[in-house]
Peer 1: 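Have a look at this one.
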Amino acid sequence: MVEIRLHGRGGQGTVVAAKILADAMSKIGKYVQAFPEYGVERRGAPVKAFIRIDDDIIYIKSQIYEPDNLVILEPALIGTIDLIYGLKEGGWIIVNTNKDPAEMKFDGNYRIATIPATKIALKHHLGSKAAPIVNTAILGGVIKILELCDLDTLVEAVREGVPIKEDANVAATKEAFESTKGGR
Amino acid sequence: MVEIRLHGRGGQGTVVAAKILADAMSKIGKYVQAFPEYGVERRGAPVKAFIRIDDDIIYIKSQIYEPDNLVILEPALIGTIDLIYGLKEGGWIIVNTNKDPAEMKFDGNYRIATIPATKIALKHHLGSKAAPIVNTAILGGVIKILELCDLDTLVEAVREGVPIKEDANVAATKEAFESTKGGR
Amino acid sequence: MRKVIIGNHALSYGAMLSRAQVIAAYPITPQTEVIELLSEMCANGELDAKFIKVESEHSAMTACVGASATGVRTFTATSAQGLALMHEVLHWAVGARTPVVMGNINRAMAPPWTIWTEQTDSLSQRDTGWMQIYCQNNQEVLDSVIQAYKVAEQVKLPAMVILAAFVLSHTSETVEMPEQEKVDEFLPPYELEYKIDPDDPHAFGGLTGPDGYFELRYIIQKAIEDAIPKWEEVGEEFGKLFGRSYGLVETYKIEDAKELIISSATVASTARSAIDYLREKGKKVGLLRIRVFRPFPAEKVKSLLSAIDKAIVIDRNISFGASGIFYQEVKAACYNEKNKPPIFGVITGLGGRDVGKKDIIDIYEYVMKQDKVESDIIWKGVRV
Amino acid sequence: MRKVIIGNHALSYGAMLSRAQVIAAYPITPQTEVIELLSEMCANGELDAKFIKVESEHSAMTACVGASATGVRTFTATSAQGLALMHEVLHWAVGARTPVVMGNINRAMAPPWTIWTEQTDSLSQRDTGWMQIYCQNNQEVLDSVIQAYKVAEQVKLPAMVILAAFVLSHTSETVEMPEQEKVDEFLPPYELEYKIDPDDPHAFGGLTGPDGYFELRYIIQKAIEDAIPKWEEVGEEFGKLFGRSYGLVETYKIEDAKELIISSATVASTARSAIDYLREKGKKVGLLRIRVFRPFPAEKVKSLLSAIDKAIVIDRNISFGASGIFYQEVKAACYNEKNKPPIFGVITGLGGRDVGKKDIIDIYEYVMKQDKVESDIIWKGVRV
Amino acid sequence: MKLSIPEEEIMGHGHLACQGCGAALAMRYALKAFGRNTVMTFPACCWSVIDGPFPHSAVNVPLFHTCFEAAASTASGIKAGFDAQGKDVNVVAWAGDGGTYDIGIQALSGAAERNDDIIYVCYDNEAYMNTGVQRSGSTPYLSWTTTTPVKHPKQRPKKDIVSIMAAHRIPYLATASVAFPEDMITKFKKAKDIKGTRFLLVFSPCPPGWRANPENTIKLAKLAVLTRVFPLIEVENGRVWKLTKKVRTVKPVSEYLKLQGRFRHLSEDDVAVIQENTNKDWEILMDKVGEKD
Amino acid sequence: MKLSIPEEEIMGHGHLACQGCGAALAMRYALKAFGRNTVMTFPACCWSVIDGPFPHSAVNVPLFHTCFEAAASTASGIKAGFDAQGKDVNVVAWAGDGGTYDIGIQALSGAAERNDDIIYVCYDNEAYMNTGVQRSGSTPYLSWTTTTPVKHPKQRPKKDIVSIMAAHRIPYLATASVAFPEDMITKFKKAKDIKGTRFLLVFSPCPPGWRANPENTIKLAKLAVLTRVFPLIEVENGRVWKLTKKVRTVKPVSEYLKLQGRFRHLSEDDVAVIQENTNKDWEILMDKVGEKD
Amino acid sequence: MPKKSEVKIIFESIKDMPPLAVSLYTMDYNKTGSWRNVRPIIDYDKCTYCTICWKFCPEPSIDLEKIEVDGKEKFKPIINYKYCKGCGICWTECPVDAIYTEEESE
Amino acid sequence: MPKKSEVKIIFESIKDMPPLAVSLYTMDYNKTGSWRNVRPIIDYDKCTYCTICWKFCPEPSIDLEKIEVDGKEKFKPIINYKYCKGCGICWTECPVDAIYTEEESE
Ligand SMILES: Cc1ncc(C[n+]2csc(CCOP(=O)(O)OP(=O)(O)O)c2C)c(N)n1
Ligand SMILES: Cc1ncc(C[n+]2csc(CCOP(=O)(O)OP(=O)(O)O)c2C)c(N)n1
Ligand code: SF4
Ligand code: SF4
Ligand code: SF4
Ligand code: SF4
Ligand code: SF4
Ligand code: SF4
Ligand SMILES: [Mg+2]
Ligand SMILES: [Mg+2]
């Protein structure tokens with residue numbers, strides 16, 4: 001079982017990202033669970049989402065306390081709240097940033113990858129400068145780093161999972177897949 | 001324990017009659033229960049009320065199936081509905097009527113008494129001709145026949161129990177006490 | 001002083017003597033006399049209370065909860081549909097810890113429309129956290145209102161004083177009226193630690209996450225557990241002042257009893273006469289009347305059942321798809337006991353079908369013939 | 001076809017595939033997605049139903065009851081406060097014998113306001129006569145809606161399909177979607193003997209005195225008892241068509257079990273992993289998940305407990321002044337059995353406090369150390 | 001000779017209304033106007049009793065009893081049920097004033113907001129009669145009831161349900177009186193042929209509740225109109241107000257009040273205030289109707 | 001320089017409203033007007049969340065959370081509690097439009113009928129926002145919400161709560177807007193000094209619910225007034241209607257609509273219909289106000 | 001159409017009962033004539049066949065019979081004493097005082 | 001007055017807890033500045049001290065400081081970035097465009 005936690009901001013599509021990733025996993029025959037932090041989402045406020053992926057029916061219904069990997073959609077959150085609590089040693093931290101993995105500093109023994117998802121999203125006109133929608137962009141990088149599925153499967157899930165701008169989202173996903181740094 | 005059933009018509013004060021009698025019994029130290037037929041009272045429709053009188057706390061809370069005595073406030077009901085069901089053999093049937101006990105015919109072995117309560121009530125201006133209020137009048141006869149208490153106690157209960165026309169009611173009670181026929 | 005009053009007026013006098021300060025209520029048969037008399041009392045000045053003549057029971061209970069949270073004593077009364085319409089607010093009163101006292105007249109639930117007695121209305125509220133007292137006569141109704149305030153205010157939980165439709169509500173009975181001064185002595189003014197007060201502002205009942213809610217529920221359970229001894233203490237203290245003691249349960253002829261009839265309210269009252277009859281016939285049967293149903297007096301019931309050979313619970317209520325509710329609760333309470341009798345469950349008297357002495361004798365005799373419990377419901381009096 | 005959907009949408013698809021004809025519903029967190037999707041489906045024409053966007057849950061349920069009485073299939077969904085507000089009408093639906101199917105998302109009751117999961121909301125409705133199905137995953141949610149119609153329409157009683165707030169309602173899971181044709185085959189159109197029809201006028205639910213009400217209640221109890229085998233039959237028939245069978249309860253590794261963990265819904269689901277862990281450690285422990293809570297599967301539970309040495313019921317709910325509700329019901333059901341284990345009752349996870357595998361293992365280990373049941377509630381996870 | 005109202009009796013006899021019940025008359029007329037392709041739903045009210053006990057019924061059209069606060073929403077549900085089956089049936093919610101002005105106003109307001117295709121009839125006897133005469137939102141100013149005792153009679157005016165419903169901009173709304181069955185039946189028939197939420201308010205004296213003699217039921221209902229206490233009107237789309245019964249010789253309200261025990265405690269001053277209020281309300285109404293006296 | 005509104009902040013920061021929330025602004029102004037001798041009760045609504053989680057709170061006056069349908073009756077109870085103790089406190093029910101137009105209208109109507117001495121404030125954001133934008137009785141004609149999808153947007157006009165409450169003849173009623181805090185505060189202060197039931201309706205844009213940018217909250221609230229979509233008025237005793245903000249240069253409704261995603265699907269014809277309805281409603285209002293444009 | 005029944009139906013057993021409280025009979029069993037204190041009697045000599053009494057009877061317990069009077073079709077009001085409750089509306093509203101009353105006796 | 005608290009209070013044990021959900025602290029712990037994507041900055045060279053930004057801030061996260069300008073008392077608006085959510089109302093409503101913005105960065 002793989003467990004992943006995502007961090008973003010209300011209105012940014014964090015929960016949708018988790019859902020699309022789950023859809024992609026389902027397409028390759030996995031059983032999945034994807035859920036938001038159970039709470040009261042407010043536009044602008046920090047939010048979390050979670051994914052479980054397994055080969056069998058997933059019976060466990062509790063929260064994820066020790067994720068294997070972390071995805072940070074909103075880099076501005078770094079430093080304002082604790083993001084890495086519970087992350088398993090050696091787990092991946094995948095951050096939306098233009099910086100190099102080496103520039104990112106997190107206390108602990110983790111692997112770090114970066115994706116310039118905001119840049120990509122804006123390039124493809126996903127959201128506004130003040131509120132870019134980065135979820136589809138970042139997923140391209142996530143599946144590459146975590147080796148979860150092939151790009152085509154993800155693209156199919158993106159097409160089904162986004163409400164508007166299908167092509168732009170797909171393009172962003174693909175571009176992110178290519179430009180992700182830090183993969184093995 | 002003495003159990004009595006009263007028959008009258010909605011709006012005629014049948015339930016109040018039972019209550020006043022219970023009050024009088026309470027005054028002489030008895031424990032009492034008085035209750036209407038549990039139902040939906042409608043002006044004009046036949047109604048029933050019940051009384052239990054005992055020397056001790058009355059624990060039994062069921063209906064009265066086999067009353068010791070019967071009081072009929074509305075003679076027009078005779079013949080239209082069954083009035084004497086369950087009455088114990090030898091029990092009293094006390095009827096509001098100008099007739100003599102001998103003229104009253106009921107199937108079974110009962111003692112019969114009559115009180116011209118309507119006449120008395122109208123004389124004392126209790127209710128209208130179409131709807132005389134006979135409850136206080138008839139009680140005067142009832143206590144006499146059944147030897148339940150002395151007249152003064154009843155009169156006290158009547159004074160406390162009627163909402164208006166205290167004196168007229170008391171006078172009616174007294175007159176009925178005097179003019180009741182059929183006592184032993 | 002003795003008075004002959006109906007059960008509904010016993011509730012009104014109970015509220016009056018307890019000096020209820022805010023009343024909010026809505027009429028429903030067979031409760032109306034409760035509020036009619038209270039209206040009179042307020043109009044006459046006999047009772048110095050604000051009476052809000054609300055437009056529904058839902059508003060009656062929310063108004064009581066709101067008023068109670070400001071630190072005043074509140075009262076309402078209802079029945080069946082009215083009680084059911086309050087359901088959400090019953091939960092509210094518990095979570096808000098407002099010691100509202102309410103009279104409920106047990107009436108069967110619609111549809112079909114009916115106004116006669118049955119306990120399913122109040123027992124359907126058993127999971128709300130309200131304390132529930134089932135009364136057997138009008139004296140107990142009046143006395144229980146006063147005691148209910150005392151316990152409720154100590155444990156900060158609401159309480160329901162329950163009486164049977166018509167069998168008590170509209171039956172005039174001899175009642176000893178407590179004197180006001182003594183009631184005042186017994187029941188001191190209501191005081192609150194946290195109340196709605198502009199001089200000390202707090203928000204009550206705000207959003208609580210999984211990090212705090214569980215503890216608040218735990219505190220409520222502890223409070224209602226505390227009420228178990230309180231009902232005994234308060235019932236005894238009442239006895240000292242007024243000569244009539246009360247407890248969680250009442251027993252009758254159980255000293256040497258081998259068999260026990262367990263019931264509540266007026267059915268239990270009638271059962272006394274059945275017990276008398278059966279005792280005359282040489283049967284070793286006793287009566288256990290459960291007076292306080294919530295909190296459920298589990299320890300009491302367990303100990304009373306430990307030396308019994310056979311017990312019968314008579315329910316005037318039903319939880320569809322399960323059984324009679326007192327039956328269920330008694331069994332659940334005693335399950336893990338070492339010494340315990342087989343318990344038979346009888347349902348009778350639904351929708352106001354009369355339950356007489358004879359019915360109870362029949363039930364007893366039927367059960368005595370049974371070797372074991374074959375089914376969770378023995379029906380009595382239904383025309384199958 | 002497989003889809004990844006949230007529990008709320010599983011309800012919507014269930015209603016759609018069952019061809020609900022009238023929907024009346026009101027939003028409440030965490031139920032809103034159910035009706036948002038149904039609104040879309042109706043607007044798109046995917047679902048040919050009248051959707052009444054009522055002004056309260058009370059009206060949602062009354063509208064469903066009214067529509068159902070004309071002979072159409074109805075659906076609604078709600079949670080916590082909304083369910084509580086329906087309470088009077090829940091009784092109504094039962095007395096009126098209208099087989100409404102409703103989804104309820106288990107959320108803890110206010111105050112304090114909270115939106116997280118707990119079962120007290122639906123369990124507080126246990127005495128209304130509604131059938132109740134507690135689901136462990138989104139697949140079961142969807143499948144149970146379809147089965148609920150089938151059983152409900154056969155016994156003419158309403159049914160509630162229940163899922164945990166967030167843990168299922170907002171969790172996307174892999175779900176196999178039944179094909180419409182097969183569902184149509186499984187679930188024939190709804191037919192009614194007595195329905196509102198100007199060509200055959202009847203009055204429904206009119207005033208009923210003590211001479212008739214009791215019998216009508218008896219008939220309801222018989223109907224809900226009939227539903228016990230029906231849930232098994234229908235669950236098996238469903239299995240034949242769709243490859244997924246369901247029953248009144250589900251068991252896991254009980255063949256040789258000496259100890260049993262009894263629970264419901266997602267806590268029972270999580271308990272599986274705890275059982276796996278404990279089995280690995282050599283413990284002879286099994287799982288009993290109660291799926292159908294009303295009608296209560298007493299016979300089933302009794303027989304499963306007969307060879308057990310120790311049982312633990314884990315409740316995510318509480319009846320204040322008593323105990324956990326599943327605990328109470330299991331004990332009541334087994335009371336008169338000869339062979340039965342001591343049963344321990346644990347309350348945990350109230351107000352959405354998470355219940356993990358580790359918690360369940362802890363509970364098991366704690367109970368195994370106990371000689372006897374000391375108290376009706378063992379608290380787990382509360383910060384005392 | 002032609003009868004002024006339809007001959008066919010749909011409502012049967014043997015029902016349980018008190019002697020001289022206005023509500024019973026209202027039903028009799030309503031059924032004459034609506035005909036047999038009608039379905040009714042009653043919330044708790046006198047009519048839940050009047051209709052008779054199971055397994056009997058006096059209305060002879062399908063009748064679904066529902067809870068007190070839910071006449072309108074139940075009707076909406078029933079209508080949706082018929083719609084879903086493609087059946088065209090006249091669905092009527094039939095409620096007392098308590099079930100309309102007070103505990104049922106939310107469901108009514110909701111149905112009206114959605115413009116659900118139902119007829120809502122309120123028979124107005126100005127108190128909770130089925131439970132023995134308690135005050136309702138419809139109880140008139142200074143009236144006695146058991147919860148507004150003579151020492152403290154009702155202090156608030158009757159709720160203006162007509163204006164409230166007009167504010168909902170429903171397609172049709174009318175008042176009627178059992179003393180004017182022809183007018184009432186005309187309006188009920190008209191209502192039947194309109195789509196959307198229709199609201200009909202029928203003035204229905206209650207002898208025991210008003211402490212009046214049963215034989216005065218029609219007299220009282222007539223006087224209410226002739227004293228302008230209860231004007232007969234129609235409102236379309238909440239905007240077009242019409243007076244359907246012009247009163248030529250207006251009677252003083254005292255004539256109406258003095259026949260009723262519920263007003264027995266009134267002083268002369270009280271009566272004068274009621275007269276004044278009635279005049280004022282009439283003026284406001286005339287403004288809406290766009291007529292001058 | 002003098003500030004145009006009171007300086008003291010009673011409402012604290014750190015609350016949980018979304019960026020640009022009109023409801024938060026409404027509370028800020030209301031507390032400035034009411035002062036600290038005020039007690040509030042909230043039914044379920046965004047404000048039950050905005051205020052913050054236990055044991056925290058942002059309003060800093062006593063606040064009693066109550067169930068969704070019971071703002072008014074809870075306030076009546078609280079007021080009675082203070083009355084019984086002889087304390088004079090300003091008791092305010094503070095509810096959203098869902099809790100006012102829909103599920104809470106019965107309790108509100110009941111309190112108004114009794115003329116209970118409470119202030120009822122409805123902050124109107126025209127949908128159920130706390131649950132994620134579902135239609136309410138206040139949702140405007142043709143608006144999108146999650147339960148009125150663009151394929152089938154809301155078909156009924158916004159419920160006319162002002163006329164409904166005016167029909168209750170309460171002593172004071174007013175509309176206000178977060179874009180005109182001075183007007184709002186004047187009205188709220190005036191309301192505070194009147195006895196009986198007072199009703200205040202505050203137009204409060206909701207950026208996420210309206211699919212609008214948070215920075216446009218004041219702009220939108222202003223446009224609603226300038227387009228006559230939301231007139232600023234006062235009504236005394238249900239009879240005396242006053243316009244408190246005369247609009248000199250009226251703007252077309254399209255200016256208001258186009259800033260909001262919830263109206264994005266509207267055709268030009270739709271917009272024209274909305275313009276026409278707005279004009280008609282304005283005329284009706286002018287009739288009541290007794291003014292001519 | 002619901003069946004008429006001259007007696008109140010009380011089911012002997014649930015076997016005869018419908019599964020819910022549904023009406024099967026009219027209220028004809030309920031002879032509300034027994035509620036009557038005072039009996040209205042139409043004096044057909046005075047009666048003008050205006051049908052006003054019929055129109056206002058709440059029971060309804062005045063039937064109409066088609067008759068011919070002076071070649072014109074008229075409706076003759078006939079009081080049904082089985083159900084007439086004696087409310088008095090007819091005798092109060094009769095415009096020509098054609099209805100007189102008698103007290104009901106035992 | 002409720003206490004200010006810079007941290008979210010989570011009770012360690014029911015012993016510290018009130019018996020019901022009653023607030024004891026303000027919301028000051030909740031630094032809503034973290035919600036901000038875009039930061040408003042007042043250009044005091046342009047600012048006329050009209051206080052409109054203060055008036056319309058929903059948080060409220062603009063404080064006023066009494067200052068003297070040309071001998072007149074004025075209110076100087078100071079943005080409290082701990083709480084400013086960056087909604088943009090102030091920069092939209094400022095009549096003289098005295099508020100400019102900067103994107104928040106990591
Ligand atoms: C929830 C609920 N509350 C109260 C009642 C009791 N109740 C039944 S009818 C009634 C009065 C009805 O008054 P109204 O609507 O005016 O009709 P009327 O009886 O006057 O014909 C009341 C209070 C009820 N059935 N349900
Ligand atoms: C009985 C009940 N039904 C539903 C809900 C769920 N609920 C909470 S707030 C809300 C919407 C409130 O809408 P509104 O009153 O307009 O306030 P807003 O959220 O827009 O501020 C709903 C539906 C509830 N709490 N209680
Ligand atoms: S109480 Fe009034 S309304 Fe009810 S049945 Fe009797 S007369 Fe009719
Ligand atoms: S959803 Fe709208 S009303 Fe609610 S807090 Fe957010 S902006 Fe304010
Ligand atoms: S007295 Fe009344 S019931 Fe009898 S016929 Fe005349 S109007 Fe009808
Ligand atoms: S009202 Fe009089 S005149 Fe007219 S038909 Fe009747 S009895 Fe004859
Ligand atoms: S951006 Fe918004 S929150 Fe920040 S100071 Fe400006 S108005 Fe206030
Ligand atoms: S609105 Fe602009 S000019 Fe006015 S005080 Fe604020 S920053 Fe200064
Ligand atoms: Mg009425
Ligand atoms: Mg809203």
Peer 1: Could you tell me which portion of G:Ile10 (side chain, backbone, both or neither) has an atom closer than 4.5 angstrom to a non-hydrogen atom of chain D?
Peer 2: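 Just the side chain, heavy atoms under 4.5 Å.
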
Peer 1: Is D:Ala96 in contact with chain G via its backbone, its side chain, both, or neither, using a 4.5 Å heavy-atom distance?
Peer 2: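 The backbone, not the side chain.
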
Peer 1: Can you measure from CE (G:Met17) to CG (D:Leu216) and round to the nearest 0.5 angstrom?
Peer 2: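 Taking CE in G:Met17 and CG in D:Leu216, the distance rounds to 4.0 Å.
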
Peer 1: Enumerate the inter-chain donor-acceptor pairs under 3.5 Å for chain G and chain D, one line per pair.
Peer 2:
from	atom 1	to	atom 2	distance (Å)
G:Pro19	O	D:Arg97	NH1	2.9
G:Ala21	O	D:Gly205	N	2.7
G:Ser23	N	D:Ala203	O	2.8
G:Ser23	O	D:His202	ND1	2.7
G:Ser23	OG	D:Ala203	N	2.7

